[in-house]
Amino acid sequence: MEIICPIDKQFSDQIAALLEPPSPHEVQKYFEELLATRQCRCLKVKPTAYHGKGVYAETDFKESDLVLKDQMLAGAQHSSNKVDCLVCSYCFCFIGSIELQIGRKLFLEQLGVSPNSESHMQKDCYNSGSSVGEDDSDVEDQQVSGKCASSPSKDKIPLPKDVVESLFNGEMQLPYSEKFPLPPIVSCPGGCKENYYCSKSCAEADWESFHSLLCTGEGSKSSSTKALLKFMEHANDTNDIFLLAAKVISFTILRHRNLKESRHEGKGKHVISESRDFSLLLEAWKPVSMGYKRRWWDCIALPDDVDGSDEASFRMQIKELAFTSLQLLKAAIFDEECKPLLSLEMYGHIIGMFELNNLDLVVESPVEDYFLYIDDLPLPGKEEAEQTTKPILDALGDDYSICCQGTAFFPLQSCMNHSCRPNAKAFKREEDRDGQATIIALQPIARGEEITISYIDEDLPFEERQALLADYGFRCRCSKCLEEA
């Protein structure tokens with residue numbers, strides 16, 4: 001099936017303008033402003049010989065030094081991970097309590113909710129007949145994940161239902177859990193039962209940046225929460241990268257509305273011309289314009305189980321999948337003044353930006369820290385504590401160490417070019433317990449030197465590395481590849 005989307009010249013010109021790469025001056029100005037808000041500030045983004053732009057050191061770094069902490073532009077916890085980890089929907093730190101994290105997971109397991117059954121989660125929890133504490137009454141309704149380091153254990157020993165409910169309801173306190181305090185749960189301002197936060201400030205920031213258009217609660221600014229639910233169901237059933245694309249579009253629409261409101265202040269009902277309105281959309285789009293983009297169906301890697309002769313058919317199927325997703329999203333959040341954003345061409349490029357630039361979102365679990373603490377206790381305190389904790393650990397099995405997992409786009413990190421001999425890497429330190437990207441020096445980096453990371457496994461043979469990097473649209477010319485060519 002061929003997808004035909006006729007558009008007029010003005011509309012196509014607007015799409016082309018949105019996809020036009022920013023000038024070097026615009027790039028430098030934007031990233032200078034962005035760097036002023038980040039840790040650390042001794043970096044500079046500037047053009048490179050081969051890759052458009054890169055990140056350069058403005059000071060000397062020693063091995064293991066923190067190079068950068070970058071806040072995401074948009075990110076999302078994997079839908080399947082939501083069974084195992086209850087985290088802030090904005091900064092992705094764990095919330096509630098150790099008892100709630102454990103009790104919620106075991107409670108859902110007893111209801112038969114698994115990472116692959118999230119669409120039934122809300123129904124099952126409502127019909128469970130279980131009593132849930134007042135403060136956490138909506139927590140079990142969150143959409144449903146993955147594992148950081150281990151696979152699910154086959155030797156779990158279930159806990160009695162009343163013990164699970166006591167943990168879940170906050171009626172039972174585990175020994176030494178007070179040493180691992182978590183932020184209290186803050187509900188979504190729009191009243192949905194999908195997003196929760198660690199603070200009012202995170203809730204407000206998410207609402208203003210993305211969630212007010214993507215909320216399914218009574219306070220949603222979506223034009224149709226029914227259509228929004230269909231979009232989310234489709235994304236969860238196919239590819240949750242669509243949820244990230246929806247966040248970027250919502251982010252731009254909301255920025256456009258704020259810019260328009262600011263421009264109208266003090267002007268009564270003065271009408272801005274259409275051309276000036278489009279300039280507002282360009283301005284609202286600017287943060288997203290900095291990311292490298294290609295159409296998703298052009299840049300997605302061909303799966304191993306797809307024969308090369310079927311490549312054209314595969315890429316058309318991907319395009320059709322994106323088209324279906326877009327139609328569902330348009331029904332939920334369409335804005336006439338931001339119409340070019342919701343074209344298939346723009347949607348494909350936005351998804352492609354995530355495909356090419358995303359970094360794994362990983363936040364270590366405090367539940368794992370808790371059980372490790374118990375294991376390290378001296379006797380006889382350890383034996384006493386384990387009378388309570390061992391049955392719980394047996395019920396969790398290897399899943400006790402599951403961390404928050406997702407994917408996110410980080411503006412500064414995405415500017416870092418690849419090298420098969422990188423001088424830096426994405427690495428979370430013990431104190432990094434939120435969704436920010438942390439970049440650490442692998443070796444001494446001199447002032448003026450470009451900071452590089454590896455997009456792939458740099459230990460692979462030369463030809464395999466080049467084949468993988470071809471999906472990113474370039475042939476690597478790093479020192480290691482030049483030596484091995």
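Residue D13 qualifies as enclosed at atom CG: its count of foreign heavy atoms under 6.0 Å is above 12.
Comment: R257 does not engage E261 in a salt bridge, judged by the lack of any side-chain N to carboxylate O separation of less than 4.0 angstrom. In this structure, K69 pairs ionically with D432, as a charged nitrogen and a carboxylate oxygen lie closer than 4.0 Å. Under a 4.0 Å N-O distance rule, the pair D398/K156 does not qualify as a salt bridge.
Taking the six-membered ring where tryptophan is involved, the planes of F242 and H234 are essentially parallel, since the angle between them stays under 30° and well short of 60°.
For the pair H418/C476, a side-chain contact is recorded, criterion being any heavy-atom separation below 4.5 Å from C-beta on. Between F410 and N357, the closest side-chain pair of non-hydrogen atoms is not below 4.5 Å. Between I402 and D399 there is a side-chain heavy-atom pair separated by less than 4.5 Å. Put simply, the side chain of L442 reaches to within 4.5 Å of the side chain of P422, judged on heavy atoms. Counting heavy atoms from C-beta on, the side chains of K428 and E364 never come closer than 4.5 Å. Two residues are said to be in side-chain contact when any heavy atoms from C-beta on lie closer than 4.5 Å; T216 and E194 meet this criterion.
Ring centroid separation for the pair W297 and F323 does not come in under the 6.0 Å cut-off. Remark: aromatic rings of F107 and F168 are close, center separation under 6.0 Å.
Residues forming a side chain to side chain contact (heavy atoms under 4.5 Å, CB included) with S23 (at least two apart in sequence, or on another chain): H25, E26.
Applying the salt bridge (Lys or Arg N to Asp or Glu O under 4.0 Å) rule to pairs touching residues 294-304 yields R295-D298, R295-E345, sequence neighbours excluded. Residue pairs satisfying the side-chain hydrogen bond (donor to acceptor under 3.5 Å, both in side chains) criterion with at least one member in residues 219-230, sequence neighbours excluded, are absent.
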With ring-ring contact (aromatic ring centres under 6.0 Å, His included) as the test, would you mind laying out the steps for F251 and F210 before giving the verdict?
-> CA-CA 5 Å; F251 169 81; F210 313 101; 5.8 Å; yes
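A donor-acceptor contact shorter than 3.5 Å is absent between the side chain of Q405 and the backbone of V363.
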